[in-house]
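Input: a single structure, listed below in structure tokens.
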Protein chains: 2
Amino acid sequence: MSGKPLDVDTAAMVAALFAALSDTSRVRIISTLVSGERNVSSIAQAVGISESAVSHQLRSLRQMRLVHARKQGRQVFYCLDDEHIIDLYQRGLDHVLHE
Amino acid sequence: MSGKPLDVDTAAMVAALFAALSDTSRVRIISTLVSGERNVSSIAQAVGISESAVSHQLRSLRQMRLVHARKQGRQVFYCLDDEHIIDLYQRGLDHVLHE
DNA sequence: TGCATATATGAGCAAGTACTCAGATATATC
DNA sequence: GATATATCTGAGTACTTGCTCATATATGCA
């Protein structure tokens with residue numbers, strides 16, 4: 001009998017991290033942020049979904065600490081919070097492109 | 001206006017890859033396979049869910065080509081299909097452990 | 001103060017998902 | 001062949017999710 005599985009709590013955290021990257025819209029949102037910060041309506045326009053939908057998605061990405069919000073006047077600029085996230089995203093992208 | 005988002009089809013493939021790792025049970029299944037191949041009932045016992053549930057999950061992992069099945073008699077041994085998957089899993093795990 | 005703009009939020013709903021249960025299939029042993 | 005074991009599969013169901021729509025909040029400007 002080889003190794004035991006990850007304990008449930010840790011596995012749930014890992015799953016939640018990957019779940020953040022498990023939706024087409026969120027992947028596209030993140031892909032627009034790889035090149036730098038961007039405000040909500042700009043993201044919405046680039047990705048092609050409503051500002052409300054973007055806002056909802058950004059909230060969960062924020063709660064997962066994958067993005068960081070910076071308020072400037074009436075606008076809120078979002079950027080990727082962490083190099084690791086870019087790395088994960090990039091590796092996922094490479095994987096699907098290389099086969 | 002910074003970079004454009006990933007096109008929808010590619011983003012959907014990336015999302016599907018991460019979706020495979022977005023469930024607690026699947027993460028635990030994968031974690032048991034990191035140390036080597038294992039048959040279905042052994043996985044079910046280790047993870048603590050029914051063999052039917054494991055079989056269902058293994059099917060989607062198989063369809064995503066994340067695991068490989070090797071039949072030996074009545075048993076089917078599964079292993080991770082790809083070093084990249086172990087790498088993704090490990091990076092996800094590291095990320096949640098290091099904060 | 002009043003109005004326009006930018007974003008956030010909550011409710012509600014259609015679609016997806018992870019399980020259970022019953023039954024099918026395949027292989028080994030008698 | 002008959003039976004037991006290992007796995008797979010389809011249907012059904014409770015739960016989750018990503019959207020829309022209406023509305024709330026916050027900021028800038030006249």
Side-chain angles (χ1 to χ4, degrees), chain A residues 1 5-6 8 11-33 37-79, chain B residues 1 5-6 8 11-33 37-79:
Chain A
M1 311 291 168
L6 221 52
V8 175
M13 289 195 295
V14 173
L17 170 62
F18 287 118
L21 296 156
S22 74
D23 172 76
T24 304
S25 293
R26 280 195 299 276
V27 168
R28 297 185 83 215
I29 288 172
I30 287 171
S31 73
T32 66
L33 294 177
E37 72 173 7
R38 213 151 164 167
N39 70 342
V40 177
S41 62
S42 158
I43 296 171
Q45 191 173 12
V47 173
I49 62 179
S50 75
E51 300 188 1
S52 176
V54 169
S55 187
H56 277 292
Q57 298 291 19
L58 286 170
R59 172 156 69 161
S60 43
L61 292 173
R62 217 168 47 219
Q63 286 170 338
M64 284 296 301
R65 301 185 182 280
L66 301 196
V67 301
H68 176 78
R70 179 178 69 83
K71 196 163 189 173
Q72 181 182 301
R74 277 178 295 201
Q75 305 183 53
V76 180
F77 288 85
Y78 282 86
C79 62
Chain B
M1 315 280 174
L6 221 52
V8 174
M13 290 195 292
V14 173
L17 171 62
F18 287 119
L21 296 157
S22 74
D23 172 76
T24 304
S25 293
R26 279 194 299 274
V27 168
R28 298 185 82 214
I29 289 172
I30 287 170
S31 73
T32 67
L33 295 178
E37 73 173 5
R38 218 156 161 162
N39 70 343
V40 177
S41 63
S42 158
I43 296 170
Q45 191 172 14
V47 172
I49 62 179
S50 75
E51 301 187 0
S52 177
V54 168
S55 187
H56 277 293
Q57 297 291 19
L58 285 171
R59 173 158 67 161
S60 43
L61 292 173
R62 218 170 46 219
Q63 286 171 340
M64 284 295 300
R65 300 184 185 279
L66 300 196
V67 300
H68 177 78
R70 178 178 71 82
K71 196 163 190 172
Q72 179 181 303
R74 278 178 296 204
Q75 305 182 54
V76 180
F77 288 86
Y78 282 85
C79 63

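Proteins come first, then strands; the chains are lettered A, B, ... in the order of their sequence lines, and each starts at number 1. Here the structure is a predicted model, which means the values were calculated and not measured.
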Nearest of [options] to any side-chain atom of [X]?
| X | options | value |
| --- | --- | --- |
| S50(A) | dT20(D), dG10(C), dA26(D) | dT20(D) |
| D23(A) | dT27(C), dT7(C), dG18(D) | dG18(D) |
| Y78(A) | dT9(D), dC19(D), dA8(C) | dA8(C) |
| R74(A) | dA6(C), dT7(D), dC19(C) | dA6(C) |
| V76(A) | dA8(C), dT7(D), dC19(C) | dA8(C) |

What residues 51-58 of chain B contributes to the DNA chain D interface at heavy-atom separation below 4.0 Å is E51(B), S52(B), S55(B), H56(B)
What residues 12-22 of chain A contributes to the DNA chain D interface at heavy-atom separation below 4.0 Å is none
Respond yes when some side-chain nitrogen or oxygen of [X] is under 4.0 Å from OP1 or OP2 of [N], and no when none is.
| X | N | answer |
| --- | --- | --- |
| S41(A) | dT7(C) | yes |
| R62(A) | dT9(C) | yes |
| R59(B) | dG10(D) | yes |
| N39(A) | dT7(C) | yes |
| S25(A) | dG18(D) | no |

Quick one: pull up CD1 in I49(A) and CD1 in I43(A) and give me the separation to the nearest 0.5 Å. 9.5 Å
dist L61(B):CG -> H68(B):NE2 (nearest 0.5 Å) comes out at 14.0 Å
Closest contact, heavy atoms only, T24(B) versus V8(A): CG2-O, 3.8 Å
For A20(A) and M64(A), work out which heavy atoms get closest and say how close. CB-CG, 4.3 Å
Would you list the pairs meeting salt bridge (Lys or Arg N to Asp or Glu O under 4.0 Å) in which at least one residue belongs to residues 64-79 of chain A, sequence neighbours left out? E37(A)-R70(A)
